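Reviewing the structure listed below.
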Amino acid sequence: MNRRIFLLILVTLCLIFGLCSCSCSTDEGEHNHNHNTQSSVPSSTSNSTRPDNQNPTPPNTDIKCEHYWYNVEIDKNTSSTSSVYLKGRCYLCGDELLREAITTVSLSEWKNALSSENLKSFTVFNGHTYSNYDEKSSSSWKIENDIFTEDYFINSNKNSSSYLTDKYSGYSLMYSKFTYNMESRTYVYTIDESSSIELGFADGQLISHSSTSKNGENTKKSDTLYLNHNKINVSIPDYFFDIFNKMIAEENLTSTSLSSNMRKDLAEFLKTLTFDGSIEISFLENGGLSVYFYYENSKTDPIFNEQYSSITIVGKDEKIKSITIGNYSLVF
């Protein structure tokens with residue numbers, strides 16, 4: 001990564017950590033104020049030599065002092081069979097989450113917890129990936145093998161509404177079909193002798209979803225956690241625009257298939273691209289970046305004078321590698 005960009009991100013993070021008091025209450029409950037900046041929270045200061053594409057930066061939240069919880073665990077080692085301990089850490093400041101939460105819900109609480117009104121935005125954790133959803137967009141990030149990658153789906157059908165429709169459209173009306181299990185601290189719905197669904201709640205909020213299937217002696221179980229209820233605001237990070245503008249600069253558009261005039265026309269065309277429509281952005285490992293614009297109505301490009309409904313731009317280390325406009329591709 002360009003040293004100036006890295007230093008800019010590092011200074012920005014320091015300002016955020018210094019200004020963020022993180023004194024708010026949260027959906028997951030109260031917390032201990034440890035402010036341990038030497039914690040396991042991802043930070044660009046943790047390892048400047050790591051092979052990340054883009055060092056981790058705090059996710060966007062509606063209110064800066066609200067916590068973004070990650071590394072959350074559900075500890076069932078409590079004296080009550082209707083409660084659990086929630087343990088985790090704030091990605092923004094390092095505060096620890098430690099709270100006992102009630103896991104039982106009434107019918108009205110059940111319906112509210114699974115409603116689209118209550119789940120306008122949230123974080124889903126499954127496997128190694130954290131996915132953030134709001135009403136228009138979504139994003140995801142993960143750190144795997146010490147490599148940080150992230151994806152953005154802006155003005156996309158990958159949003160909170162479509163996610164809920166796919167996952168929970170029927171569950172809100174099935175309260176009587178689920179049975180509370182005091183051992184698992186979840187509500188269980190047995191589909192048949194080989195499969196079941198579990199929903200977990202914490203103080204009236206959906207906190208977990210599990211599905212279990214059996215095939216002979218083999219049992220497969222998938223677990224998903226739901227965090228940061230109603231405080232996610234997905235947007236393109238500022239550092240993207242610095243990288244993108246350098247990548248599409250005219251001096252980087254060196255291709256044997258382009259004349260000098262075509263290169264200038266292409267550079268001017270790329271400058272007119274806006275980020276108000278539907279866009280997918282992927283920060284890949286080892287300096288890779290992919291940007292995909294797609295449109296409902298076809299347009300005519302000024303380079304080949306052909307119709308197109310999508311544009312894909314691929315770069316690496318702030319240098320452009322290829323551009324695809326409709327059916328035409330240029331390699332640099």
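None of the values given here were measured: they were computed from a predicted structure. We count residues from 1, following the sequence as given.
Taking the six-membered ring for Trp and the full ring otherwise, the centers of W141 and F283 sit at least 6.0 Å from each other. Side-chain rings of Y70 and Y68 stay apart, their centers remaining 6.0 Å or farther from each other.
Of all heavy-atom pairs between V188 and N181, the closest is CG2-CB, 4.0 Å. For T129 against S140, the heavy-atom pair with the smallest separation is CG2-CB, 3.8 Å. Between L164 and S116, the closest heavy-atom pair is CD1-CA, 3.8 Å. Closest approach of N159 to K136, counting heavy atoms only: CB-C, 3.8 Å. For E285 against T149, the heavy-atom pair with the smallest separation is N-CG2, 3.7 Å. Residues K319 and N252 come closest through the heavy atom pair NZ-OD1, 3.4 Å.
With S310 contributing its side chain and Y294 its backbone, the two residues share no donor-acceptor pair below 3.5 Å. A donor-acceptor pair under 3.5 Å links the side-chain atoms of H229 to the main chain of L206, judged by distance alone.
With sequence neighbours excluded, the residues satisfying ring-ring contact (aromatic ring centres under 6.0 Å, His included) with F275 are F240, F241, F244, F293. The ring-ring contact (aromatic ring centres under 6.0 Å, His included) test applied to Y189 returns F178, not counting sequence neighbours.
No hydrogens or angles considered: a donor-acceptor pair under 3.5 Å links the side chains of R185 and T78. For the residue pair T123/N228, the side-chain donor-acceptor check at 3.5 Å is satisfied.
Under the 4.0 Å criterion applied to side-chain N and carboxylate O atoms, E96 and R89 are assigned as salt-bridge partners.
Considering Y168, Y226, F122 in turn, Y168 is the only one that fulfils the ring-ring contact (aromatic ring centres under 6.0 Å, His included) rule with H209.
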Worked verdict on S208 versus E198 for side-chain contact (heavy atoms from CB on, under 4.5 Å): CA-CA 8 Å; S208 66; E198 296 180 35; over 6 Å; no
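The side-chain heavy atoms of Y171 and L199, taken from C-beta on, include a pair separated by under 4.5 Å.
Between Y308 and Y295, the two ring planes are perpendicular [angle over 60°; tilted spans 30° to 60°].
Within a 6.0 Å radius of CD in E251, more than 12 heavy atoms belonging to other residues, nucleotides or ligands are found.
In this structure, OG1 on T224 lies 4.0 Å from CG on N126, to the nearest 0.5 angstrom.
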